[in-house]
There are 2 protein chains.
Amino acid sequence: MKIDPKKPADLSAQIAQAIRDAIISGELIVDERLPSEAELSEQFQVSRPTVREALKRLAAQSLIRTQRGASGGAFVNRLSFEGAYSQQITTSTLLLSMNAVSFDTACEARFALERACAPLSAERRTADQLATMRAEVHRQSQPGLTDEAFCASDVAFHRALVDGAGNPVLSYQLAGAVEAMQPLMNMITFTARSREAIIALHNQVADALENRDSTKVDATLVELENYTRQLAQDVAQQRRKPA
Amino acid sequence: MKIDPKKPADLSAQIAQAIRDAIISGELIVDERLPSEAELSEQFQVSRPTVREALKRLAAQSLIRTQRGASGGAFVNRLSFEGAYSQQITTSTLLLSMNAVSFDTACEARFALERACAPLSAERRTADQLATMRAEVHRQSQPGLTDEAFCASDVAFHRALVDGAGNPVLSYQLAGAVEAMQPLMNMITFTARSREAIIALHNQVADALENRDSTKVDATLVELENYTRQLAQDVAQQRRKPA
DNA sequence: AGACTTTTAAATGTCAGACAAATAAAAATT
DNA sequence: AATTTTTATTTGTCTGACATTTAAAAGTCT
C-alpha cells in the first residue's frame with residue numbers, strides 16, 4: 001500500500017486508490033484503524049490536506065468512517081446491504097435521468113427483474129411481508145392520495161415483494177431498479193380508474209403469494225407491466241396533442 | 001443550494017450533499033460548470049480546503065470532474081452506464097466478501113437475474129453477441145488454462161448473454177451480480193471433467209440462443225445453476241475432510 | 001491584415017503551520 | 001474506590017502561500 005509513482009494524476013486520487021485496493025484485497029480488514037492523517041502524510045510523503053482529500057473520497061463511497069478524539073481515526077467500514085442501497089438508488093436514478101432512458105426500457109428491466117424474484121418470493125415470503133403488501137394496497141385505495149404518495153406506496157409494495165425472496169443480494173440489486181423508476185412513474189397522472197386497475201392487480205399478486213402460486217404471480221406481473229406501459233403511452237400521447 | 005445549517009456534522013459532507021441534491025434535482029445540469037472553489041467557499045462561508053473536500057467526495061462518486069487551467073473548474077458529469085459499472089462491481093464485490101454471503105445465496109441471485117434476461121436475449125441477441133459467446137466457450141476449452149482465466153471467460157460469456165437483452169438498464173444491474181461472483185468462483189478448483197460439463201452447458205445455451213429458443217435457454221441455465229452449486233458444495237466438503 | 005509567439009490571468013493542485021473541538025486515557029483529588 | 005481534572009491524541013477547519021496547467025489576451029513579425 002505504499003506505491004505512489006509521481007508521474008500521473010492527482011495525488012489524492014492515487015492515495016485513495018491505494019487504500020481502496022488495500023481494502024478490496026483484504027490487506028485492511030473491517031473495523032481496522034488506518035494510520036492517522038499525520039502518519040499517512042508521512043508515509044505517502046504528502047501534506048495532510050492531500051491525505052484528507054483522499055480519505056474524503058473513500059468516505060463518500062462508505063469505505064471508511066472517521067471518528068474524532070484521542071483514539072479516533074479512520075476505520076474500515078463494513079459495507080452493509082442497507083447502506084449500499086442509498087448509493088445504488090442515487091446512481092440508478094441519475095443514470096436514468098441523465099441518459100434519457102425511455103420509460104419502456106426502464107419498465108421492462110424492472111419487471112424482468114421482479115419476475116425473477118417471483119418464484120423465490122412465492123416459496124419463501126413471510127406472513128410479515130405479505131401483511132406489508134396488504135397494508136400498502138390498502139393505502140393505495142385511500143381517497144385523496146396524491147400521485148406522489150401513490151407512487152411511493154407502489155414502490156413499497158414492490159420492495160416487499162422483492163424482499164420476500166429472502167435473498168439479500170437480490171434485494172440489493174433490485175432496490176436500484178425499483179426505486180429509480182419512481183421519478184419516471186411520478187410523471188404519470190393516475191386517474192381514479194387507473195388506480196383501481198392497479199390496486200386490483202396488486203391484490204391479485206398478494207393473493208397469489210398468499211397461496212404460494214408462483215405461476216399466478218408471474219402472470220399477474222406481466223399484466224401489471226403491460227398495463228403500466230400502456231398507461232405511460234397514453235399519457236405521452238395526450239401530452240403531444242392536448243386538444 | 002445555499003442551505004447549510006451550522007448545527008450538525010461535517011461541513012464538507014453537508015456541502016457535498018447540497019451540491020449532490022442540486023445535481024439530482026436537475027438544478028445543475030450535465031456539463032454545467034460549478035462556481036470556482038474560491039466562489040464556493042465564499043458562498044458557503046467556509047475555507048477552500050473544506051470546499052475541496054466536498055468536491056472530492058463528489059468526484060469519488062463520478063458526479064463531477066475537475067479541470068485545471070484558465071477556464072477550468074468542476075463540471076457536472078454525465079453518469080454513463082459504462083462508468084457506473086466499475087463502481088457497481090466494486091461495491092457488489094465488497095458486499096459479498098464483507099458480509100460473508102454464502103456461495104449459494106450469491107449463486108441463486110445471479111442465476112435468477114440471468115434467467116430474467118434469457119427471454120429478452122433469445123429474442124434480441126445479435127450475431128455479434130452470439131459470436132462473442134462462441135469465442136469464449138472456445139477459449140474455455142483450451143488446455144492449460146488457469147482457473148482464474150477460466151472464470152474470467154465464464155464471466156465474459158455470461159455478460160454477453162446479459163447484453164443480448166439489449167437493455168442497458170438490465171446490463172447495468174446485472175454487471176454487479178455477475179462480476180461480483182468471480183472472487184467466489186475463483187475459490188473453486190475446476191477439474192478437467194467439470195470444465196467439460198460447463199462447456200457443454202455453455203454450448204447448449206449458445207445453441208438455444210441461436211435458435212431463439214427461450215425455453216431451452218431457461219432450462220439450461222437451471223441445469224448450469226444446479227451444477228455450479230453442486231460443484232461448490234463438493235469443494236467445500238472436500239476441504240472439511242481432506243483425508 | 002494575418003499568423004505566430006509571448007505574456008497574463010484564472011483556476012485547480014499542493015504545501016505549511018496553526019487553532020478548535022472532541023474524546024479517551026491518565027493523573028489527581030476527594 | 002469513585003469521581004473529577006488534566007492531558008495527549010486525532011480529526012475538523014482556517015489562513016495564506018506557491019506550483020502547475022491552461023485558455024485567452026497581448027504583442028510581434030512577416
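Worth knowing before you read on, the calculation uses all heavy atoms, side chains too, and leaves out hydrogens, waters and symmetry mates. So you know, we letter chains A, B, ... as the sequences are listed, proteins then strands, and number each from 1.
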Visitor: Grab the CD-C1' distance between Q14(A) and dG13(C) for me, whole Å please.
Guide: 12 Å
Visitor: Take atom CG of L34(A) and atom C1' of dT9(D), then tell me their distance rounded to the nearest Å.
Guide: 16 Å
Visitor: OP1 or OP2 of dT13(D) sitting under 4.0 Å from any side-chain N/O of R48(A)?
Guide: no
Visitor: Classify the angle between the aromatic ring planes of H158(A) and F111(A) as parallel (below 30°), tilted (30 to 60°) or perpendicular (above 60°).
Guide: perpendicular
Visitor: Please check if any side-chain donor atom of Q17(B) sits under 3.5 Å from a side-chain acceptor atom of R20(B), or the reverse.
Guide: yes
Visitor: Distance check needed: dT11(D) P versus E39(A) CD, whole Å only.
Guide: 9 Å
Visitor: State, with a plain yes or no, whether a side-chain heavy atom of T50(B) is found less than 4.5 Å away from one of S41(B).
Guide: no
Visitor: Of the listed nucleotides (dT14(C), dT13(D), dT11(D)), which one gets closest to any side-chain atom of S36(A)?
Guide: dT11(D)
Visitor: Considering only heavy atoms, which members of residues 64-78 of chain B lie under 4.0 Å from some atom of DNA chain D?
Guide: R68(B), G69(B), A70(B), S71(B)
Visitor: Quick one: D10(A) CG to dC15(C) C1', roughly how many Å, whole number?
Guide: 15 Å
Visitor: Do R139(B) and F150(B) form a cation-pi contact, if we require the NZ or CZ to be under 6.0 Å from the six-membered ring centre and within 45 degrees of the ring's axis?
Guide: no
Visitor: Check every atom of dC15(C), dC14(D), dG13(C) against the side chain of V46(B) and return the nucleotide holding the closest atom.
Guide: dC14(D)
Visitor: Using the salt bridge (charged side-chain N to carboxylate O under 4.0 Å, His left out) rule, take D128(B) and R134(B) through it: C-alpha gap first, then chi angles, then the decisive distance, then the call.
Guide: CA-CA 10 Å; D128(B) 222 50; R134(B) 297 287 191 194; over 6 Å; no
Visitor: Whole-Å distance between dA10(C) P and E42(B) CD?
Guide: 16 Å
Visitor: Run the salt bridge (charged side-chain N to carboxylate O under 4.0 Å, His left out) test on R57(A) and E53(A) for me, step by step, so that the C-alpha distance in whole Å, both residues' side-chain angles and the decisive distance to 0.1 Å come before the verdict.
Guide: CA-CA 6 Å; R57(A) 288 176 189 266; E53(A) 287 178 10; 5.6 Å; no
Visitor: How close or far is atom P of dC14(D) from atom CZ of F44(B), stated in whole angstroms?
Guide: 13 Å
Visitor: Whole Å only: how far is the CD atom of E37(B) from the C1' atom of dT14(C)?
Guide: 11 Å
Visitor: Could you check E225(A) against R110(A) for salt bridge (charged side-chain N to carboxylate O under 4.0 Å, His left out), going step by step and ending with a plain yes or no?
Guide: CA-CA 9 Å; E225(A) 176 179 357; R110(A) 173 187 159 170; over 6 Å; no
Visitor: Kindly assign one of parallel, tilted or perpendicular to the pair Y172(B) and F81(B), based on the angle between their ring planes and the thresholds 30° and 60°.
Guide: perpendicular
Visitor: Calculate the interatomic distance between L40(A) atom CG and dT10(D) atom P; express it in whole Å.
Guide: 11 Å
Visitor: Taking DNA chain C as the partner, which of residues 49-57 of chain B come within under 4.0 angstrom of it by heavy atom?
Guide: R52(B), K56(B)
Visitor: Give me the one residue out of I19(B), L11(B), L40(B) that meets side-chain contact (heavy atoms from CB on, under 4.5 Å) with V51(B).
Guide: L40(B)
